[in-house]
Number of protein chains: 2
Amino acid sequence: MYTDYTCRYLSEHLSSEIRHTRRVNSRALSHEFSRQERKQRTRQALMDSALALLENQSFSSLSLRQVTRAAGIVPTAFYRHFDDMEQLGLALIDESFRTLRAMARAVRADPRTNERMIHNSVEILIEHVHQHDNHFRFVARERFGGVAALRHAIGAEVRLFASDLATDLARLPGFESWTTEDLQSMASLMVATVVSTAEAILEASSADLAAEAEIKETARRQLRMITLGVAQWRSATPTAAPADGGA
Amino acid sequence: MYTDYTCRYLSEHLSSEIRHTRRVNSRALSHEFSRQERKQRTRQALMDSALALLENQSFSSLSLRQVTRAAGIVPTAFYRHFDDMEQLGLALIDESFRTLRAMARAVRADPRTNERMIHNSVEILIEHVHQHDNHFRFVARERFGGVAALRHAIGAEVRLFASDLATDLARLPGFESWTTEDLQSMASLMVATVVSTAEAILEASSADLAAEAEIKETARRQLRMITLGVAQWRSATPTAAPADGGA
DNA sequence: GTAGTCTGTGTACATCTGTGCACTGAGTTC
DNA sequence: GAACTCAGTGCACAGATGTACACAGACTAC
């Protein structure tokens, strides 16, 4: 009866050499790193391994065992770091949005004219998408994915992102008198454009430079259309939203 | 050794009564329906069951056995209808985009003024999203989901959808002289807005009328901003795209 | 009516999964 | 240096999964 089970684990044990070479905390290191530091290191290894695996599958189909196998630890050790796969997912969202906020800061640090701002923003966006494609892919994939907790966490972060953008826009010359709703609409329109641009880049990716150039150009054109549209919008309706054609 | 396996199947066999009551092709029907018809019927039952299950999970985590269990057939019978779960997924995409095209037709069948067109389009969109929320949810979830084949199939359909919209727009008064790129940009901007609106509706859904009204209003505002933007765009750049601020 | 076709059944099995439990041994604290 | 902590191990197990195979029996074609 037990031979059955030993057999089941054969494939997993066969890769134990690989596991040893990949092991994040070599026994030889001994006193070189503190226990805390090493724990943090395997935690990061779990997150990195998960993110790498998520390149080709969605979170809901990612198993605890896959992650621990890739990270080079035994399945049960997972629980020393996370209660749950869901907790791992939330940690990944945290990490992902940290890089997204870094991007937003990079954009803000570039206060030029409107035209240049769009140009630069798109440039910085594409650069960041390439640099942290794993994070972007993960967020894009799970934004409407199968795990409710992750979906909601991402939704909250995206709304926060749009709000930040709205308050940023409010500070720009010419936007002082805008209503909150209009600013929010514009901001979320821009965020939607940015999101779909990022997703397009991720889909096209892997050395298709022509496609990428077109995506960039489309994104710029769209953002310009939006700014032109909102300018027109304000001059057409000086105080509030227009009566929707009499409806 | 074998007792182990019989035990494993216990839970599945316990629900066999349910399966019998749900059985799509009752033996008693006999000559009432042709064999072909009945085959088509279980095929549809598989697709419906899958779509229902996909409300709460992503396709990559949906198992063949779950689907057959819900459809009321034995796992191995699945292969009489599809080679593969992937084929089921592609069939679902086909079905989903048939309803989407029906929606587009409904919008086109409403040739009123620009303002009214936006108002009506959003109305029709939300109505369709509610009516076929399963299809919309599935497409939204798998558009950037874990299964490459589905992702690509959906991408192709969405591009087709945007192209159709672009040619539609080209026929409207005032758009005759537009370049293909500008029309495509505008169309995909609109599609992106529509998509994110549909996704917002799906997320908010379940009787939150206030949120839904706001989503509608935001969608209308955004679409109007876009049309205003492109109008401005054309008058600002009579022949081609403007030089991007000297870049 | 007989022979053939084909959808659905039932059993088997290898493989995967999450997680409980007792353990080891290096790192830390006193 | 003795006592304690705790990240990582190893084994066990129950349950789920995809799919091969032989079979049943209702529909179909002759």
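Here the structure is a predicted model, which is why all the values come from computation and not from measurement. Chain letters run A, B, ... following the sequence lines, proteins first and then strands; every chain starts at 1.
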May I ask you to check whether [X] and [Y] show a side-chain donor-acceptor distance below 3.5 Å?
X        : Y        : value
A:Gln131 : A:Thr99  : no
B:Glu142 : B:Ser60  : no
B:Glu214 : A:Gln184 : no
B:His130 : B:Glu212 : yes

Phosphate OP1/OP2 of [N]: any [X] side-chain N/O under 4.0 Å:
X       : N      : result
B:Thr76 : D:dT19 : no
B:Arg65 : C:dT17 : no
A:Arg35 : C:dG25 : no
A:Arg38 : C:dG27 : yes
B:Thr42 : C:dG8  : yes

* Asked: Which of residues 78-89 of chain B sit near DNA chain C, with a heavy atom under 4.0 Å from it?
  -> B:Arg80, B:His81

* Is any side-chain heavy atom of A:Phe78 closer than 4.5 Å to a side-chain heavy atom of A:Met85? -> yes

Atom-pair distance ([atom1] on [X]; [atom2] on [N]), nearest Å:
X       : N      : atom1 : atom2 : value
B:Arg69 : D:dG18 : CZ    : C1'   : 13 Å
B:Gln40 : D:dC27 : CD    : C1'   : 17 Å
B:Leu46 : C:dG8  : CG    : C1'   : 11 Å
B:Leu64 : D:dA20 : CG    : P     : 11 Å
A:Ile73 : D:dG8  : CD1   : P     : 6 Å

* Listed nucleotide nearest any side-chain atom of B:Lys39, set D:dT17, C:dT19, C:dT7 -> C:dT7

* **Candidate nucleotides D:dT28, D:dG10, D:dG18, ranked by approach to the side chain of B:Ser34 - the nearest** => D:dT28

* What are the two closest non-hydrogen atoms of B:Pro75 and B:Leu64, and how far apart are they? -> O-CD2, 3.6 Å

* Tell me, with the steps shown, if B:Glu157 and B:Arg101 meet salt bridge (charged side-chain N to carboxylate O under 4.0 Å, His left out). => CA-CA 10 Å; B:Glu157 293 274 12; B:Arg101 275 189 287 271; 3.1 Å; yes

* Select base, sugar-phosphate, or nothing to describe what A:Gln36 touches, counting heavy atoms under 4.0 Å on all strands. => nothing

